[in-house]
Amino acid sequence: MTLHPSLWELFSTWLLMGIQSFGGGSSTLIMIHEACQKHGWLDDEEFVRLWALVQIAPGINLVKFTLLIGRKLRGWPGLAAAGAGLLLPSALVTVLMTAGFTIVQSQPLVQAAMRGVLPAAIGLTLAMGVQMAQPLMTRAYHEGPPRLAVHLLILAAAALLMAVNGVSPVVVMLGAGAAAVLLLAVIQARRVPPQPDEDESSLSGDDL
Amino acid sequence: MNPLQFFWLFLKASLFSFGGLGNLPFLHSDLIGLGWAHESDFVTAIAVGQVSPGPTGLWSISLGYLTYGWLGAVLALVALSLPPLLILVVSAFYQRIEHNSQVQDFVRGLALGIVGLTVTVALNLASSSIFDWGGVVIALAALALAVTRKLPIILILVLAAAAGLLLYGR
C-alpha cells in the first residue's frame with residue numbers, strides 16, 4: 001500500500017502520539033499501530049517486520065520505528081517530519097518539567113514527595129530490566145536447560161562485572177555478545193544435528 | 001565541562017543502547033567518573049523521564065539539563081536522535097542477516113548484557129535515593145506493580161509521591 005500522507009500529517013500524527021504518552025512510551029506503539037491501520041500506511045505483517053527489525057539497531061526503539069515508517073511513506077522529508085513530531089515537543093516538555101522541578105526542589109513538601117518518587121524510579125528501572133529479560137528468558141527456556149543456563153550466566157556475569165570498579169560498560173556489552181555467539185554455537189552443535197527450525201518471529205512486546 | 005566531550009559521551013551511550021534506559025550504564029560510568037553529575041541527577045532524570053511524554057528514552061535529555069543546562073539538553077537530544085538513523089543501514093542489510101543465527105545470538109548477548117548492566121546501575125543508584133525501609137518498600141512495590149503491569153507507570157509515580165508525603169511530610 002503506498003499512500004502519500006502530507007508531511008504535515010506525518011508531523012502532527014506523531015506529535016499527538018508523542019505528547020499523549022505521558023508516563024513513558026508503552027502506549028505509543030499501540031497508537032502507532034492504530035494510526036497505521038486507520039490511514040492504511042502499513043499492513044500488519046509489515047508492521048511486525050519493521051518492529052522486529054528495530055530491535056537490532058542501536059537507540060530508542062520508538063524513534064527508530066518512527067524514522068522507518070516516516071521514510072517508507074515520504075522518503076527523507078517524511079523521516080524528518082515524523083521524527084521531529086515524536087521528539088521535539090516531548091523533549092521540550094521533558095526539559096520544562098525538569099526545569100520546573102529544579103525550581104521547587106528545595107520545598108519541604110516536594111522533598112518529601114521525592115523521597116517516595118525516587119525509590120519508585122529505582123523500582124521502575126529494575127522493572128524495565130525484568131521486562132527486557134522476560135522474552136529472552138522465555139525463549140531460552142523453550143530451547144532447553146543448557147541454553148537457559150548460558151543466558152543466565154551471561155546476565156549474571158554482566159551484572160557482576162559492572163559492579164567491579166572501572167570496568168567499561170562497552171567492554172561488558174561486547175563481551176556479552178561474543179560470549180553468546182560462542183557458547184550458544186557450542187550448545188546448538190551438541191543438541192540437534194542440522195535442522196533449520198529457527199522461525200518463531202521475534203515479535204515480543206519487548207520494551208520501548 | 002567540554003561541550004564536545006559531553007556530546008560524545010551522550011552519543012556513545014546512545015550508540016551502545018537498545019531501548020529506553022539502555023544508555024544509563026554508559027552515562028552513569030562516564031559522567032560520575034568525570035564528576036560531571038551526581039547520583040541524584042540520574043535518579044531525578046529517570047523519574048522525570050518516566051512522567052514526561054514521549055519515549056522513556058528521553059530521560060537523558062532531563063539528565064543533560066540537570067548537568068549542563070539548556071545546552072546540555074540540546075546536546076542530549078541531538079545525541080539520541082542520530083544513532084537511530086543506523087536503522088536505515090540495518091534495514092538495507094536485513095534480508096542477508098535476518099536468518100544468520102550468529103547475528104541473532106550476538107544481539108541476544110547484547111540484550112542480556114544490557115539487562116545485567118541495568119540491574120547493577122539501579123542498585124548503585126539506590127544508595128543515593130533509598131535511605132530507610134520505607135524507601136525499600138516503595139521501590140519493591142513500584143517494581144512489582146510495573147512488572148505485573150497492574151497500573152500505568154504514571155499512577156505508580158503518583159502513588160509513590162503520596163507515600164513520600166505521608167511518610168516524610170512535615
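All chains are named by letter (A, B, ...) in the order of the sequence lines, taking the proteins before the strands, and each is independently numbered beginning at 1. What you are looking at is a predicted structure, and each value in this text was computed from that prediction instead of being measured.
- Two residues are said to be in side-chain contact when any heavy atoms from C-beta on lie closer than 4.5 Å; A:Leu87 and B:Leu80 meet this criterion.
- In this structure, chain A has a heavy atom under 4.5 Å from the side chain of B:Ser29, while its backbone stays farther away.
- Contacts of B:Leu125 with chain A are made by both backbone and side-chain atoms, with heavy-atom separations under 4.5 Å.
- Residues B:Thr56 and A:Met128 meet the side-chain proximity criterion, which asks for heavy atoms closer than 4.5 Å.
- No option in A:Met173, A:Met132, A:His151 other than A:His151 meets the side chain to side chain contact (heavy atoms under 4.5 Å, CB included) test with B:Leu112.
- A:Val117 touches chain B through backbone and side chain together, each having a heavy atom under 4.5 Å away.
- In terms of heavy atoms, B:Gly113 sits closest to A:Ala176 at CA-CB, 3.8 Å.
- A:Leu79 touches chain B through its side chain: at least one heavy atom from C-beta onward sits under 4.5 Å away, while N, CA, C and O do not.
- Closest approach of B:Ser129 to A:Pro119, counting heavy atoms only: O-CG, 3.6 Å.
- Residues A:Pro169 and B:His28 fail the side-chain proximity criterion, which asks for heavy atoms closer than 4.5 Å.
- Of all the heavy atoms in B:Leu77 and A:Ala91, the pair that sits closest is CD1-CB, 4.0 Å.
- For a residue to count as touching a neighbouring chain, one of its non-hydrogen atoms must lie under 4.5 Å from one of that chain's; by this rule B:Ser128 does not touch chain A.
- Of the two parts of A:Thr125, the backbone and the side chain both hold a non-hydrogen atom closer than 4.5 Å to a non-hydrogen atom of chain B.
- With respect to chain A, the highest number of heavy-atom pairs below 4.5 Å among B:Pro84, B:Ala13, B:Ala144, B:Ala76 belongs to B:Pro84.
- The distance from the CG atom of B:Asp41 to the OG1 atom of A:Thr98 is 10.5 Å, given to the nearest 0.5 Å.
- Each of A:Leu96, A:Leu155, A:Thr66 has some count of heavy-atom pairs under 4.5 Å with chain B, and the biggest count is that of A:Leu155.
- The distance from atom CZ of A:Arg115 to atom CD1 of B:Ile130, rounded to the nearest 0.5 Å, is 11.0 Å.
- Of all non-hydrogen atoms in B:Asp105 and A:Ala185, the two that sit nearest each other are OD2-N, 4.4 Å.
- Chosen from B:Leu110, B:Thr118, B:Asn124, the residue pairing most often with chain A at heavy-atom distances under 4.5 Å is B:Leu110.
- The greatest number of non-hydrogen atom pairs below 4.5 Å with chain A, out of B:Ala142, B:Ala139, B:Ala146, is found for B:Ala139.
- Of the residues considered (A:Leu118, A:Val167, A:Leu182), A:Leu118 shows the highest number of contacts with chain B, using heavy-atom pairs under 4.5 Å.
- With a 4.5 angstrom heavy-atom cutoff, B:Val158 does not touch chain A via any of its atoms.
- Between chain B and the residues A:Ala156, A:Ala140, A:Ala158, A:Gly175, the largest count of heavy-atom pairs under 4.5 Å involves A:Ala158.
- Considering only heavy atoms from C-beta on, A:Trp76 comes within 4.5 Å of B:Leu88 through its side chain.
- The shortest distance between side-chain heavy atoms of B:Ile87 and A:Val63 does not fall below 4.5 Å.
- With a threshold of 4.5 angstrom between heavy atoms, B:Leu85 approaches chain A through its backbone and through its side chain.
- Separating the OG atom in B:Ser14 from the CD1 atom in A:Ile60 is a distance of 6.5 Å, to the nearest 0.5 Å.
- Both the backbone and the side chain of B:Val43 come within less than 4.5 Å of a heavy atom of chain A.
- Comparing B:Ser62, B:Pro83, B:Ala163, B:Gly69 by heavy-atom pairs within less than 4.5 Å of chain A, the highest count is held by B:Ser62.
- At a 4.5 Å heavy-atom cutoff, the contact between B:Phe131 and chain A is made by side-chain atoms alone.
- Proximity to chain B is absent for every atom of A:Ala179, based on heavy atoms less than 4.5 angstrom apart.
- Only the side chain of A:Val130 comes within less than 4.5 Å of a heavy atom of chain B; its backbone N, CA, C and O stay farther away.
- Between the CG atom of B:Leu58 and the CG atom of A:Leu86 there is a distance of 7.0 Å, given to the nearest 0.5 Å.
- Put simply, of A:Val54, A:Val170, A:Ile154, the one with the most heavy-atom pairs under 4.5 Å next to chain B is A:Val170.
- Across A:Ala180, A:Ala112, A:Ser168, A:Pro89, the residue that shares the most heavy-atom pairs under 4.5 angstrom with chain B is A:Ala112.
- The 12-atom threshold is not exceeded at CD of B:Gln102, counting heavy atoms of other residues, nucleotides or ligands nearer than 6.0 Å.
- Note that CD1 of B:Ile46 and CD1 of A:Ile122 are 6.5 Å apart. Values are rounded to the nearest 0.5 Å.
- For A:Leu50, no part lies under 4.5 angstrom from a heavy atom of chain B.
- Neither the backbone nor the side chain of A:Met17 comes within contact range of chain B; no heavy atoms are under 4.5 Å apart.
- Proximity to chain A is limited to the side chain of B:Asp132, based on heavy atoms less than 4.5 angstrom apart.
- Between chain A and the residues B:Trp70, B:Tyr65, B:Trp59, the largest count of heavy-atom pairs under 4.5 Å involves B:Tyr65.
- Options B:Leu66, B:Thr44, B:Ile61 differ in how many heavy-atom pairs under 4.5 Å they form with chain A, and the most are formed by B:Thr44.
- A pairwise comparison of heavy atoms in B:Gln50 and A:Leu124 identifies NE2-CB, 3.8 Å as the closest pair.
- Put simply, the side chain of A:Leu174 reaches to within 4.5 Å of the side chain of B:Phe106, judged on heavy atoms.
- By the 4.5 Å heavy-atom criterion applied to side chains, B:Val103 and A:Val181 are not counted as neighbours.
- Residues A:Ile19 and B:Pro53 approach most closely at O-CB, 3.5 Å, considering heavy atoms.
- Heavy atoms closer than 4.5 Å to chain A are found nowhere in B:Pro152, neither backbone nor side chain.
- Looking at A:Ala99, both its backbone and its side chain come within 4.5 Å of chain B, counting heavy atoms on both sides.
- The distance from atom CD of A:Gln111 to atom OH of B:Tyr168, rounded to the nearest 0.5 Å, is 13.0 Å.
- The number of heavy atoms from other shown groups lying within 6.0 Å of CG (A:Leu153) is above 12.
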